[in-house]
Amino acid sequence: IITANKVYNAVWNDYAELFPKGGETEPGDIIALDISSSKEQYVKSDGNNIPIGIHTSEYAMLIGGDDKKSISQNLDNYIPVALAGRVHVNFIGPAQKGAYVVPSKQKNGYAQMFDKNYNTYIDIIGILVEDDGKTGERKLKIKIKG
């Protein structure tokens with residue numbers, strides 16, 4: 001354990017909590033509550049459920065899980081989910097810096113730009129803080145809606 005009053009040149013960007021794992025996910029996936037399960041568990045968003053955050057490996061602060069286990073042991077049963085801050089998300093389609101981001105219905109766990117013809121404002125999970133002129137699958141940084 002490391003503690004400090006100040007940290008310079010930090011590369012960590014978000015605040016995360018460990019949520020019970022309901023399936024395999026990877027950093028960058030949009031995570032949603034599995035409403036088909038009788039127990040509380042979280043899975044990749046399919047674009048039809050309400051997302052709770054982004055699977056992250058870039059957290060500056062991580063809370064939750066089983067306090068009797070190490071972080072690596074907790075990762076067997078929990079997903080570190082970014083709830084605030086900036087984080088990389090799996091993204092598909094065109095991107096424009098400053099655009100709203102919503103879960104994609106094309107590919108589970110992925111995000112895409114908000115389209116007022118197909119999305120509602122409740123779908124928004126964040127705002128793009130970068131763009132790259134590409135349209136395929138990649139990771140882009142967003143500021144999570146807070």
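Values reported hereafter were calculated over all heavy atoms of this structure, with side chains retained and with hydrogens, waters and symmetry mates removed.
In this structure I127 satisfies the side chain to side chain contact (heavy atoms under 4.5 Å, CB included) test together with Y100, sequence neighbours excluded. Residues forming a side-chain hydrogen bond (donor to acceptor under 3.5 Å, both in side chains) with Q73 (at least two apart in sequence, or on another chain): S70. Taking A16 as the reference, D14, T56, Y59, L62 meet the side chain to side chain contact (heavy atoms under 4.5 Å, CB included) condition, with sequence neighbours excluded. Remark: E130 engages no residue in a salt bridge (Lys or Arg N to Asp or Glu O under 4.0 Å) (not counting sequence neighbours). For the salt bridge (Lys or Arg N to Asp or Glu O under 4.0 Å) test, residues two or more places apart in sequence or in another chain that qualify with D132 are R138. In terms of the side-chain hydrogen bond (donor to acceptor under 3.5 Å, both in side chains) criterion, residue partners of Q112 (sequence neighbours excluded) are, by chain and number, S104. Applying the side-chain hydrogen bond (donor to acceptor under 3.5 Å, both in side chains) test to N74 and every residue at least two apart in sequence or in another chain returns nothing. Scanning for side-chain hydrogen bond (donor to acceptor under 3.5 Å, both in side chains) contacts around D131 gives an empty result, with sequence neighbours left out.
Taking each heavy atom of P94 and F91 in turn, the nearest pair found is O-CE2, 3.3 Å. Minimum heavy-atom separation, G126 to I142: CA-CD1, 4.4 Å. The shortest heavy-atom contact between E40 and L33 is CG-CD1, 4.4 Å.
The side-chain hydrogen bond (donor to acceptor under 3.5 Å, both in side chains) contacts involving residues 20-32 comprise T25-H55, D29-N90, where partners must be two or more places apart or lie in separate chains. Sequence neighbours left out, the pairs with a member in residues 116-146 that pass ring-ring contact (aromatic ring centres under 6.0 Å, His included) are F114-Y121. Within the structure, salt bridge (charged side-chain N to carboxylate O under 4.0 Å, His left out) pairs that include any residue of residues 96-123 comprise K107-E137 (at least two apart or interchain). Identified under the salt bridge (charged side-chain N to carboxylate O under 4.0 Å, His left out) test for residues 63-72, with sequence neighbours left out: none.
One hydrophobic cluster, built from ILVMFWY side chains closer than 4.5 Å, cannot hold both I125 and I35; they sit in different ones. Put simply, I71 and L18 are part of the same group of oily side chains (I, L, V, M, F, W, Y) that touch within less than 4.5 Å, one to the next. A single hydrophobic cluster is seen to contain both V101 and M113, as judged by linkage of ILVMFWY side chains at heavy-atom distances under 4.5 Å, directly or through other members. Using a 4.5 Å cut-off between side-chain heavy atoms of Ile, Leu, Val, Met, Phe, Trp and Tyr, with links allowed through other members, I31 and V43 fall into different hydrophobic clusters.
Looking at Y42 and V81, their side chains never come closer than 4.5 Å, going by heavy atoms from C-beta outward. Within the 4.5 Å cutoff, no side-chain heavy atoms of L128 are placed close to those of Q96. Side-chain contact between Y110 and P103 is absent, with no heavy atoms from C-beta onward closer than 4.5 Å. Taking the side chain as every heavy atom from C-beta outward, F19 and I52 approach each other to under 4.5 Å.
Rounded to the nearest 0.5 Å, atoms NE2 (H88) and CZ (R86) are 9.5 Å apart. To the nearest 0.5 Å, the span separating CD1 on I30 from CD1 on I54 amounts to 4.5 Å. A distance of 4.5 Å separates CD1 in I92 from CD in Q106, rounded to the nearest 0.5 Å.
With K44 contributing its side chain and G23 its backbone, the two residues share no donor-acceptor pair below 3.5 Å.
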